[in-house]
Amino acid sequence: MSATERDETVPHVVAGVSMRDLLASCAAAHAISTPPRDPEPRTPQVPHVRQTPEDHREAA
């Protein structure tokens with residue numbers, strides 16, 4: 001059987017779905033099936049105090 005005969009025996013099926021629609025449906029399915037993440041734990045914010053050279057002299 002030649003390649004052209006083999007091609008004629010296989011039916012050509014066109015799904016009718018564009019690549020854009022296929023990718024969008026995959027993204028939507030991923031978004032729906034992924035559970036929400038827990039929020040990051042908040043760490044207490046300590047105010048940063050900038051020390052000047054005068055502060056070092058007073059501490060000594």
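Scanning all heavy atoms of the two residues, the minimum distance from Val17 to Leu22 falls at CG1-N, 4.0 Å.
Ser18 meets the side-chain hydrogen bond (donor to acceptor under 3.5 Å, both in side chains) test with Asp21; sequence neighbours excluded.
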Would you tabulate the side-chain donor-acceptor contacts of residues 30-41 under 3.5 Å, counting partners in other chains and residues two or more places apart, or write 'none'?
residue: Ser33; atom: OG; partner: Ala29; partner atom: O; Å: 2.9
residue: Ser33; atom: OG; partner: His30; partner atom: O; Å: 3.4
residue: Thr34; atom: OG1; partner: His30; partner atom: O; Å: 2.6

